[in-house]
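Contents: one structure, followed by commentary.
Basis for what follows: all heavy atoms, side chains included, without hydrogens, waters or symmetry-related copies. Letters go in sequence order (proteins before strands), and every chain restarts at 1.
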Amino acid sequence: MDGSTGSPLLSLQGLGKRFGTLQALEGIDLEVAAGSVLCLLGENGAGKSTLCNLIFGVYEPSAGTMTFDGAPWSPRSPAEALDRGIAMVHQHFSLVPRMTVVENLMLGQVSGMLKRHEFGARIRDIAESFGFTLDPDAVVGELSVGERQRAEIVKCLMRDPKLLVLDEPTAVLPPGEIGALLDICRRVADSGRAVIMVTHKLAEIARVADRVAVLRTGRKVADESMKGADMGALVHAMVGRELRPLDVALAEADDGAPPAAPAAEPRGFALVCDGLTVHDRHGAVRLDNFTLEIRPGEIVGLAGVEGNGQSELGMVLAGLQRPTEGRFYIGNAELTHAGAAAVTAAGGGIVPEDRHAVACVTALSVAENMYLNKLPQFTRWGLLQRRALNAAAAVQMKTFDVRAANPEVAFSGLSGGNQQKAVLARELTLDPLVALVAAQPTRGLDVSAVEAVYRQIRAAARRGVGVLLISSELDELIAVADRIAVLYRGRLVGERPAQPAERPAIGALMSGQGA
Amino acid sequence: MSDLALRLPDRRRLVGLAVPFVAVVGSMLVGLLLIAASGKSVPDAIEAFLDGAFGTSFAIGASINRAVALALVGLGFILAFRANLTNVGGEGQIAVGGIAATALGLWSPVADLPLGLAVLVPLLGGTLAGAFWGGIAGVMKVRFGTNEVISTLLLGFIALLMVYWCVQSTALLRQPQTSSATLPESLPVPGPVKLPGLTGDPESPLHIGLVICLVLALATAVVLQRSTFGLRLRAIGLNELAARRAGMPGGILLVVALALAGAFGGLAGAIMLQGEQYYLKTGFSSGYGFDGLVVGLLSRGSTLGVLAGALFFGFLRSGGISMEIMAGVPAALTLVIQGLIVIAVAGSVILVERLQGGR
Amino acid sequence: MEETLAIFIASTLRLGMPLMLAASGELVSERAGVLNLSLEGMMLTAAFFGALGSWATGNPYLGVACAIAASVVVSAAQAWLSVNLRANQLVVGIGFNILALGATTLLYRIIFGGLSREEIPGLPKLAVKGLSDLPFAGPAFFQQSVIVYAGLALIVLIWVVLNHTSFGLAVRAVGDEPRSADKAGIPVALTRWKAVLITGFMAGVAGAFISIADIHTFTENMTNGAGYLALAAVIFGGWNIGRTVAACLLFGAATALQFQLPAMGINVPTAFLLMLPYLLALLAVAGIVGRLEPPTSLTLPFQRGK
């Protein structure tokens with residue numbers, strides 16, 4: 001099942017792509033054979049989507065060459081790619097929810113009068129030939145995610161492609177539907193086509209992949225046949241960072257914290273999650289009976305590859321989403337249905353995954369963002385005391401090393417690292433602060449920013465704050481946390497002490513083994 | 001940081017002002033061309049226009065009064081717009097304001113109130129009525145997710161017809177029908193309810209509405225620029241999730257924003273009634289709601305812009321009426337000019353953006 | 001009694017006709033994502049230029065052509081501003097309404113001067129043999145001018161196009177998910193343009209109906225809010241053509257009742273009847289009378305990559 005019969009269908013040589021100063025991909029050599037499935041692994045930002053977009057003609061490469069079906073391949077648009085036999089199923093479907101499946105698939109493909117029956121029959125036939133059913137007259141908006149995905153797949157298959165690229169197809173699927181998708185991929189490959197499946201979920205690929213390639217920060221770090229592949233090594237290849245500078249930084253981030261405020265009497269737990277369950281719009285279970293207790297002063301790491309329920313957990317704990325079942329407490333206060341303001345008032349600091357969506361208002365100034373939840377303190381007679389606000393912000397910025405020209409510049413003008421530090425500053429200076437939930441706090445940050453963030457988090461823990469650190473950076477968790485729980489497919493699958501020796505075991509849990 | 005202090009002009013602001021200015025001037029030139037094409041004398045028309053706009057103290061007073069109503073609607077608009085809410089129901093909010101003011105003004109206990117309360121109570125009533133009307137759209141947005149453009153528009157039409165209803169029925173606000181020729185209008189409000197004049201000049205109809213408007217304009221500027229409430233409105237308009245996370249009561253802010261817009265409209269209606277018209281009749285709002293909306297939109301959120309735009313359109317209307325009477329050029333021409341200005345400025349936004357630094 | 005009913009039916013159709021025509025056209029625009037507040041202005045412009053054309057040439061059919069042409073010009077301007085210049089659709093709509101009112105009034109005064117209410121050549125009524133003699137509804141349904149029959153045929157055509165052709169599919173996609181439509185290769189801007197032009201065309205027919213077929217003259221501000229009523233009908237009809245047409249008839253009936261009910265001795269305030277369409281639309285949009293969802297991208301301009 002190696003698929004290496006003769007020359008490869010698609011071959012990439014030294015492929016590179018640069019966006020301004022960002023080197024998204026560099027020196028990629030890859031081969032895909034007809035009749036085989038290649039799984040492309042990597043974290044967010046590793047360059048997987050960029051690579052697919054290069055193959056599919058959305059971008060043009062900055063370096064290197066591609067060969068497809070025996071001829072040089074340099075597409076200038078997706079339309080060209082489609083014509084030549086490459087089709088792509090995107091992660092974010094481009095379907096129109098209010099129209100039916102057959103209408104969606106006819107969009108842009110037919111002209112004149114619509115012949116729904118005929119087209120619908122074609123859809124049914126194609127689906128059947130790959131082993132699944134699809135109702136052409138179903139309204140897309142009412143379909144489950146898996147069914148929508150299948151509609152997208154049929155949309156691609158109708159073009160009779162030689163190469164089918166799927167971008168994170170399992171990311172949106174509940175466990176029950178993943179098997180079906182993988183079967184389809186296998187059948188597509190068995191029909192003589194090539195399949196590239198981009199993913200960061202590991203357990204499933206064993207069922208379907210012939211080869212596995214791993215990307216990390218734009219480079220290929222692994223490329224092997226599936227036979228005899230070591231899953232743990234793959235995880236490490238995906239998520240590992242340059243260890244040495246980070247270790248040093250983390251070790252040094254242990255002192256120099258601001259003087260601690262007098263610690264409150266530790267009362268029970270800082271954060272308790274009790275059976276939290278979240279169903280998404282289509283009924284798929286994103287978080288499953290999540291139970292965890294964090295004591296004051298404890299740093300608990302929650303490890304897991306992205307997309308295993310972390311976002312949903314973060315939204316629930318921030319008070320922005322109601323769980324389908326379960327409860328959570330910060331200190332003694334139950335906050336399950338209380339809303340975001342109540343969470344803040346109860347001492348819940350949240351540094352969310354996507355700060356732009358939830359934590360900050362980018363058009364406002366740095367000072368305004370840093371004190372967004374403390375405006376009443378700077379209000380007299382209804383008027384905002386800007387001078388006092390800016391002065392206070394300036395002090396905070398110094399303490400937390402937020403670098404900007406002055407507190408009045410727009411928040412959007414700050415670098416990602418400084419934005420994160422600013423949000424952290426705001427959350428860490430909540431009074432009272434009982435629990436801190438930080439989700440992917442160091443994503444996109446350089447080493448010095450990472451150091452600064454962890455220094456602050458450690459200081460907060462020393463003050464008696466209970467910290468939940470949600471991250472897919474296993475090395476960071478091992479260095480900073482006291483114990484590490486692992487989230488897989490929305491469920492807590494295990495807990496280990498945060499020691500380097502536990503890395504393989506934790507990695508296994510993250511990839512869904514040993515659950 | 002004061003809104004009233006002069007800011008050093010920079011390229012962006014200059015472009016932002018220059019393009020609408022060109023649009024305005026261009027539209028007026030088209031107007032002049034139309035006058036010439038219709039065979040009327042252009043110099044006569046211009047003279048009549050200027051006379052009607054600025055010529056006598058009556059003209060100036062009337063123009064400013066008009067501007068006051070427009071400005072109030074515009075101010076309400078930019079307040080709601082700060083929270084990213086578009087209030088299209090100004091016409092209806094004026095209408096309910098007028099109804100409330102008339103009803104209160106005609107109710108005998110009110111006219112007997114001392115210390116100027118006879119004037120204030122109906123004004124307040126109109127304001128509250130407008131606030132309620134705007135608030136309905138706010139509640140609909142928060143509870144049902146209804147697009148406020150649609151809801152305020154529909155509420156506007158409903159309110160206009162409510163005026164019609166009120167003046168059709170003697171049980172409501174219609175004056176007693178002494179003969180079949182009695183017009184469907186309300187009785188005029190009694191003297192104590194009418195807005196006192198601002199100047200001693202008996203010729204000038206200028207009333208204290210101007211003072212009210214200027215005070216509110218200042219208040220609006222302060223609220224938008226310097227108050228915490230203004231910042232909250234801005235936050236909720238830009239990123240509702242983040243604002244809620246920061247503890248802001250999202251739903252309440254939205255309802256208050258629309259209620260405020262409505263309140264300003266209601267006040268405008270009350271002022272129009274107590275200041276100049278004195279009795280309620282169908283269509284008394286005569287397009288001021290839409291014009292005020294235009295003033296608000298074109299001002300790009302600036303209080304000064306609202307005042308400037310309101311003055312401009314106010315004088316335009318007065319001049320137009322005079323142009324018709326004295327030079328025989330139909331007042332409809334001012335509508336043409338107004339329409340052209342609106343379209344030209346709206347269409348030039350993309351040009352402004354490109355010139356200001358590209359998107 | 002029979003006569004009252006017949007009059008009622010005739011009035012309903014008469015008052016509902018321009019609404020149906022304009023609303024069907026506007027429906028196409030809104031399904032494509034463009035809100036034309038300027039519908040009122042388009043209808044008024046059409047009514048005026050139709051009357052003008054008919055009067056100047058003495059031929060009512062040429063008048064209809066003029067009406068449609070004028071309205072299409074206005075809609076083209078609206079399309080250019082909304083789609084190409086991405087201007088605020090609300091402002092542009094209001095601007096056109098003001099402009100249309102001013103321009104038609106101005107031109108009317110200039111051209112017709114003191115000859116107000118001059119009768120213009122109108123469209124004759126055509127009777128459908130046999131059917132026009134049916135009791136109650138006979139004359140109302142089957143003795144109408146050509147424009148009515150043609151208009152109804154156009155409405156049916158719109159229904160067919162919207163639901164059974166690839167263009168209709170493109171329109172619906174562009175109004176809900178322009179990004180997905182773009183990815184599927186649909187030219188978003190062009191589709192919206194075409195949709196707005198269709199609205200202009202239908203508004204032209206509606207305006208022509210008012211001045212040439214119905215009243216045989218032009219008066220200032222003749223449409224008097226019919227455009228807004230049509231917009232309310234689209235909302236109340238849930239952006240579905242069948243329900244929109246029904247809504248227009250309902251609104252026409254409500255307006256007709258304001259004359260009928262007093263004649264029958266029933267005293268419902270006229271204002272309430274006139275208010276009813278807007279009230280119903282408001283309740284519909286609040287989700288109280290059925291769950292209504294406007295096209296997702298209504299009033300939002302489209303730019304690839306944003």
Could you check whether any side-chain heavy atom of [X] comes within less than 4.5 Å of a side-chain heavy atom of [Y], counting everything from C-beta outward?
X: C/Glu177; Y: A/Arg98; answer: no
X: C/Ser166; Y: A/Leu114; answer: yes
X: A/Val96; Y: C/Arg172; answer: no

Need one label for A/Met99: side chain, backbone, both or neither, based on atoms under 4.5 Å from any heavy atom in chain C. side chain
In terms of heavy-atom proximity below 4.5 Å to chain C, should A/Leu95 be classed as side chain, backbone, both, or neither? backbone
Find the distance between CG (C/Asn163) and CZ (A/Arg116) and round it off to the nearest 0.5 Å. 6.5 Å
Once you round to the nearest 0.5 Å, how far does OG of A/Ser94 lie from CZ of C/Arg179? 11.5 Å
Could you look at C/Val160 and say if it's the side chain, the backbone, both or neither that has a heavy atom under 4.5 Å from chain A? side chain
For chain C, find which of A/Leu107, A/Val110, A/Leu82 contributes the most heavy-atom pairs closer than 4.5 angstrom. A/Leu107
Taking CZ in A/Arg18 as the centre, count heavy atoms belonging to other residues, nucleotides or ligands within less than 6.0 Å. Is the count above 12? yes
